[in-house]
Structures are given as structure tokens and as C-alpha cells.
Amino acid sequence: MFGIPGKQAVTITPKAAEQIVRLMTSGGHAGLRIGVKKGGCAGMEYTMDYVDEADPHDEVVEQGGARVMIAPMAQMFLFGTEIDYEVSLLEAGFKFRNPNVVDACGCGESIKFDESISAQS
């Protein structure tokens, strides 16, 4: 929908792909749908849900055996994002390195996008 021919909307690191494949396999799901919604102290939050089939309007990204579907309304916010999976002593989880984010809350759970992107939605 908002893509550039020949360029994937998001990239998935090998660690993230491994974790997504693990989740897909253990739950028998077709992949993960990622999106954004209003919420959090910075204004927006990422969402991740298991899906059994892609919506016809989803942008589907497959990398390293992992399949991620990007919800239509999130495509412009997520274009250029790298999805990683990090493990530390205190936590483990997916990390989004998104060039469209202009601010984030202190805990990193919510984000803010450039006003020009938000106005397009």
C-alpha cells in the first residue's frame, strides 16, 4: 500500500525471525500481524497479534521463515522499521527500530510519530 517496489516495508533480524518462527510453530499460526494504536503516554503503541491468515490488504513480509503481516492503517507508520528480538537479564521481547518515531516515553512502551505522518492517517 505504501511500499516502494523492490523494498520490504520492514526488515526482520535473524533473532526476531527465529522467535517469530518459534511462536508460529508452537501455536500453529500463519504469522504475526503488527500494527499501531492510540495509547500510552507518548500517544501511540505497537500491537502484535497471532493470525491464521493474512487480510487481503495486509502487507506480508517473509524473512528467515518468519511471516509478519502489517495492518493497512499501520503501513505508513512502520515503513523502514527493523524488528529485532532482544534478551537481557531483566527482560526479553521484540524491539522496533523505527525511523519514523520522533519521541518515546521513558519506559519505551509508547511512541510518537512526526505530525506529517499522523495527519495522513
Side-chain angles (χ1 to χ4, degrees):
M1 195 170 191
F2 291 95
I4 295 173
K7 181 169 171 58
Q8 293 191 87
V10 300
T11 57
I12 305 166
T13 67
K15 285 184 182 180
E18 182 180 308
Q19 182 64 16
I20 292 168
V21 169
R22 186 176 302 124
L23 292 169
M24 289 168 47
T25 303
S26 69
H29 301 288
L32 294 176
R33 178 174 291 120
I34 59 173
V36 293
K37 68 176 185 176
K38 291 186 184 223
C41 51
M44 301 286 277
E45 298 174 318
Y46 293 111
T47 63
M48 293 186 87
D49 298 298
Y50 294 112
V51 292
D52 294 323
E53 62 182 60
D55 181 278
H57 300 290
D58 283 349
E59 176 77 23
V60 179
V61 176
E62 295 183 90
Q63 201 172 323
R67 184 176 304 112
V68 170
M69 292 82 157
I70 305 171
M73 293 305 292
Q75 292 173 15
M76 71 179 111
F77 295 106
L78 296 174
F79 192 78
T81 298
E82 177 187 69
I83 302 170
D84 195 8
Y85 188 79
E86 296 179 354
V87 178
S88 72
L89 290 174
L90 297 176
E91 64 182 0
F94 290 101
K95 301 293 181 189
F96 293 80
R97 292 186 189 93
N98 187 335
N100 305 305
V101 171
V102 295
D103 198 11
C105 67
C107 66
E109 293 296 319
S110 68
I111 51 187
K112 181 178 179 182
F113 294 101
D114 185 302
E115 297 295 325
S116 64
I117 294 174
S118 299
Q120 296 173 22
S121 60

Over all atoms of both residues, closest heavy-atom pair of [X] and [Y]:
X     : Y     : value
Ala9  : Glu59 : CB-CG, 3.9 Å
Pro99 : Gly80 : CD-O, 3.4 Å
Ala17 : Gly64 : CB-O, 4.1 Å

(message) Please enumerate all residues that pass side chain to side chain donor-acceptor pair (under 3.5 Å) together with Asp58, with sequence neighbours excluded.
(response) Arg33
(request) Flag the pair Tyr46 / Leu78 as yes when at least one side-chain heavy-atom distance between them is below 4.5 Å, and no otherwise. (result) yes
(request) For residues Gln63 and Thr11, determine if any side-chain heavy atom of one lies less than 4.5 Å from a side-chain heavy atom of the other. (result) yes
For [Y], is there any backbone N or O sitting under 3.5 Å from a side-chain donor or acceptor partner on [X]?
X      : Y     : value
Glu82  : Thr13 : no
Asn100 : Phe79 : yes
Thr47  : Gly35 : yes

(message) Distance check, rounded to the nearest 0.5 Å: Ile83 atom CD1 versus Leu32 atom CG?
(response) 8.5 Å
(request) Using the salt bridge (Lys or Arg N to Asp or Glu O under 4.0 Å) rule, collect all pairs that involve residues 62-77, keeping only residues at least two apart or in two chains. (result) Glu62-Arg67
(request) Quick one: do Phe94 and Ile34 satisfy side-chain contact (heavy atoms from CB on, under 4.5 Å)? Show the steps, please. (result) CA-CA 11 Å; Phe94 290 101; Ile34 59 173; over 6 Å; no
(message) If you apply the rule side-chain contact (heavy atoms from CB on, under 4.5 Å), what do you find for Arg97 with Asp84, and how did you get there?
(response) CA-CA 8 Å; Arg97 292 186 189 93; Asp84 195 8; 3.1 Å; yes
(message) Suppose clustering is done on Ile, Leu, Val, Met, Phe, Trp and Tyr with side-chain heavy atoms closer than 4.5 Å. Which residues sit in the same group as Leu89?
(response) none
(request) Consider only side-chain heavy atoms of I, L, V, M, F, W and Y, link residues closer than 4.5 Å, and tell whether Met76 and Val61 are in one cluster. (result) yes
Can you give the donor-acceptor pairs under 3.5 Å from side chains of residues 18-27 to other protein atoms, not counting sequence neighbours?
residue: Glu18; atom: OE2; partner: Arg22; partner atom: NH2; Å: 3.0
residue: Gln19; atom: OE1; partner: Arg22; partner atom: NH1; Å: 2.3
residue: Thr25; atom: OG1; partner: Val21; partner atom: O; Å: 2.8
residue: Ser26; atom: OG; partner: Arg22; partner atom: O; Å: 3.2
residue: Ser26; atom: OG; partner: Leu23; partner atom: O; Å: 3.3

(request) List in chain and number order the residues that pass salt bridge (Lys or Arg N to Asp or Glu O under 4.0 Å) with Lys95, two or more places apart in sequence or in another chain; answer none if no residue qualifies. (result) Glu91
